[in-house]
Amino acid sequence: DIPQVTVTGSFSLGYSVNADQGVNQDTYHFVDTLSWIKGKHQVRVGTELRKYVDDYYSNNRFRGTLTLQSFGDFLTGLAGTPITQGGNGTGFSNINSSSVASGVTDRMDRITDFSWYVQDDWKLTSKLSVNLGLRWDYMGYAVDKLGRNGSFDTRKYQPPPANGQTSAGFVQSSAAQKAVPGIPGVSPTLVDRAPVKNFAPRFGLAYRLTEKTAMRGGYGIYYDRLSNQLGLLEALSLPGYVRTDLQGAANVSYSLQDPFPVLPQQSQFPVVPVLTAPPYTTDRPAIGLNAVDPTLRTPYLQQWGLNVQHQLTAATVVEIGYVGTKGSRLATQRLINQPLLATAANPVNGQTTSTAANAQLRVPYVGFSPTGLVWLETSTDSRYNSLQASVTRRLAKGLRMLASYTWSKSLDNNSGSGTGATFTQTDGDQIRLGLNRGPSDFDRTQRMVVNFSYVLPSPGRLNSRTVPRNPSATLAQCAAAPGR
């Protein structure tokens with residue numbers, strides 16, 4: 001196997017960092033609804049249960065990745081050490097960035113979701129109907145059957161002493177079958193609290209203003225379960241997995257002949273997780289891993305709207321309305337070990353200047369590389385407001401048409417992947433999320449859609465000798481006639 005090698009602007013070779021993975025999934029689903037009609041009320045009560053069995057492995061970065069800035073760097077491929085020691089003498093390796101990992105990443109995740117709801121559709125008068133509802137959702141977090149997950153809790157962190165090391169901050173599942181001595185145990189979900197407060201009220205109304213005009217409105221809260229990607233990302237953490245992410249001056253000692261630091265072999269995991277103090281060496285590198293925010297919560301969406309519909313003709317309806325949504329506690333991931341700005345007045349870890357060479361010394365969590373501590377959290381939000389209008393013509397005189405126009409604005413500080421509650425990398429400043437707020441990647445201020453169909457008139461009655469009056473009967477006769 002060879003690492004994934006990328007030469008900027010030229011070529012790349014090797015496999016993707018996620019190429020070596022597989023999964024076997026089963027989902028068990030039970031749902032039931034009870035309806036009761038009495039007078040002006042139609043009441044529905046329901047429940048739903050889902051059980052996910054998710055067995056997988058993901059040997060992320062086991063082959064490693066290398067990035068070089070030019071084809072010349074690829075041909076040279078030397079460390080940044082002095083020429084007399086076999087390096088290129090520049091103080092910077094020809095390798096610009098590297099990443100490699102080792103560990104045991106197969107998991108047997110078990111996840112349980114449970115919910116119930118009650119809704120009353122109440123027809124108060126011949127003109128007014130009201131919908132009232134309440135839903136409760138328990139959307140469980142991934143739990144490895146063998147308790148092999150661990151994480152890093154920033155609340156427990158203490159920096160390593162000079163020239164020393166520390167394990168302060170690392171945690172492991174309290175259900176671990178091979179527990180690492182000296183590492184605190186936490187909930188098998190790695191999260192402080194179970195998601196038991198996910199109550200979602202809904203309200204709607206419909207009111208007939210006149211015989212041809214109606215008004216409708218509503219408000220609701222909708223919870224969204226975190227993707228099972230969370231379990232996959234949790235597997236990429238100590239004590240069962242460790243990664244190094246090095247770039248710039250941190251790669252000074254590495255060449256294409258020997259491009260990566262020394263990591264434990266798979267047979268050695270789980271290992272005692274440690275953070276070492278600088279200077280970093282090939283056998284004491286700055287490390288990287290994924291860590292779950294222990295205050296993780298379930299994402300949810302609030303949605304509200306109001307519209308008026310008016311019947312212009314027997315076949316044509318015009319509608320105009322407002323729709324708004326707000327997403328809260330949305331999933332994201334940040335590189336929380338972003339180097340801090342050091343000055344003489346505000347030194348960071350003893351550094352009084354900010355240069356590329358001392359970036360790994362200006363980090364908040366010493367022992368991790370600047371891009372090594374990937375924080376999985378639910379901290380971003382979104383807002384969407386729109387005015388919407390449409391004209392609908394049902395099929396009449398051969399013509400059917402729908403024309404709609406939307407004027408909207410969507411704002412957020414992380415637009416996500418568009419595929420559900422997945423953890424996607426936050427762009428820009430990793431510490432001050434407010435600086436990332438702006439129009440969503442998918443924002444479209446104006447959108448108009450028109451579609452229609454028209455039934456062409458009949459070309460007229462054809463000659464009766466050519467088209468039989470009862471074609472189906474004649475075809476049947478032809479089919480039954482011998483020799484035809």
Side-chain angles (χ1 to χ4, degrees), residues 1 3-4 15 17-24 54-65 98-110 141-153 156-157 160 165-190 228-246 259-276 280-292 294 365 367-369 371-376:
D1 288 346
Q4 182 185 48
Y15 296 95
V17 296
N18 291 314
D20 188 12
Q21 60 180 220
V23 63
N24 182 32
D54 203 7
D55 299 336
Y56 60 88
Y57 71 92
S58 178
N59 294 332
N60 178 274
R61 300 177 193 273
F62 279 22
R63 296 184 176 97
T65 68
S98 66
S99 182
V100 70
S102 180
V104 177
T105 61
D106 56 299
R107 292 292 186 271
M108 303 170 67
D109 284 351
R110 303 295 181 263
Y141 302 124
V143 174
D144 177 46
K145 187 177 179 179
L146 302 181
R148 290 167 288 188
N149 286 337
S151 187
F152 180 78
D153 190 339
K156 302 178 184 295
Y157 170 74
Q165 63 185 34
T166 181
S167 296
F170 291 102
V171 296
Q172 63 183 330
S173 169
S174 58
Q177 296 188 7
K178 293 183 178 181
V180 177
I183 304 302
V186 296
S187 166
T189 64
L190 308 180
N228 290 357
Q229 174 205 26
L230 177 62
L232 182 72
L233 295 174
E234 286 176 341
L236 308 182
S237 187
L238 282 163
Y241 171 96
V242 66
R243 183 183 74 243
T244 63
D245 299 301
L246 306 178
F260 300 119
V262 177
L263 296 178
Q265 298 298 307
Q266 279 189 304
S267 59
Q268 297 176 270
F269 287 91
V271 298
V272 177
V274 294
L275 297 173
T276 59
Y280 303 117
T281 61
T282 55
D283 58 346
R284 288 166 48 93
I287 64 171
L289 50 78
N290 296 336
V292 180
Y365 303 100
F368 290 103
S369 65
T371 58
L373 187 50
V374 181
W375 191 248
L376 309 173

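Within the model, atoms CZ of R61 and CZ of F260 stand 10.5 Å from one another, a figure rounded to the nearest 0.5 Å. To the nearest 0.5 angstrom, N18 atom CG is 9.5 Å from Q4 atom CD. With values rounded to the nearest 0.5 angstrom, Q229 atom CD is found 8.0 Å from L376 atom CG. Atom CG of residue N60 and atom OH of residue Y241 lie 4.0 Å apart, to the nearest 0.5 angstrom.
Looking only at atom types and distance, the side chain of T105 has a donor-acceptor partner in the side chain of N59 under 3.5 Å away.
Every residue meeting the side chain to side chain donor-acceptor pair (under 3.5 Å) condition with D144, not counting sequence neighbours, appears here in chain and number order: R148. Residues satisfying the side chain to side chain contact (heavy atoms under 4.5 Å, CB included) criterion with T166, sequence neighbours excluded, are P160, A168, L275. Residues passing the ring pair (Phe, Tyr, Trp, His ring centres under 6.0 Å) test with F170 are F152, sequence neighbours excluded. Judged as a side chain to side chain contact (heavy atoms under 4.5 Å, CB included), and not counting sequence neighbours, the contacts of S102 are L263, Q266, F269. By the side chain to side chain donor-acceptor pair (under 3.5 Å) test, Y141 is found to be paired with no residue, residues two or more places apart in sequence or in another chain being considered. Remark: Q21 engages S58 in a side chain to side chain donor-acceptor pair (under 3.5 Å) (not counting sequence neighbours). Under the side chain to side chain contact (heavy atoms under 4.5 Å, CB included) criterion, V274 pairs with Q165, S167, V272, sequence neighbours left out. Contacts of R110 classified as side chain to side chain donor-acceptor pair (under 3.5 Å), with partners at least two apart in sequence or in another chain: D55. Evaluation of the side chain to side chain contact (heavy atoms under 4.5 Å, CB included) rule for A142 yields D109, I111, E234 as partners, not counting sequence neighbours. Remark: D153 pairs with R155 by the salt bridge (charged side-chain N to carboxylate O under 4.0 Å, His left out) rule, at least two apart or across chains.
Proximity of a side-chain donor or acceptor of Y15 to a complementary backbone N or O of R63 within less than 3.5 Å is not detected. Here the side chain of Q172 pairs a donor or acceptor atom with the backbone of V180 at under 3.5 angstrom.
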With a 3.5 Å cut-off and sequence neighbours excluded, list the donor-acceptor pairs that the side chains of residues 283-290 form with protein atoms.
unit_1: D283; atom_1: OD1; unit_2: T281; atom_2: OG1; d: 2.7
unit_1: N290; atom_1: ND2; unit_2: L233; atom_2: O; d: 3.1

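For residues 174-187, the pairs satisfying side-chain hydrogen bond (donor to acceptor under 3.5 Å, both in side chains) are S187-T189, with sequence neighbours left out.
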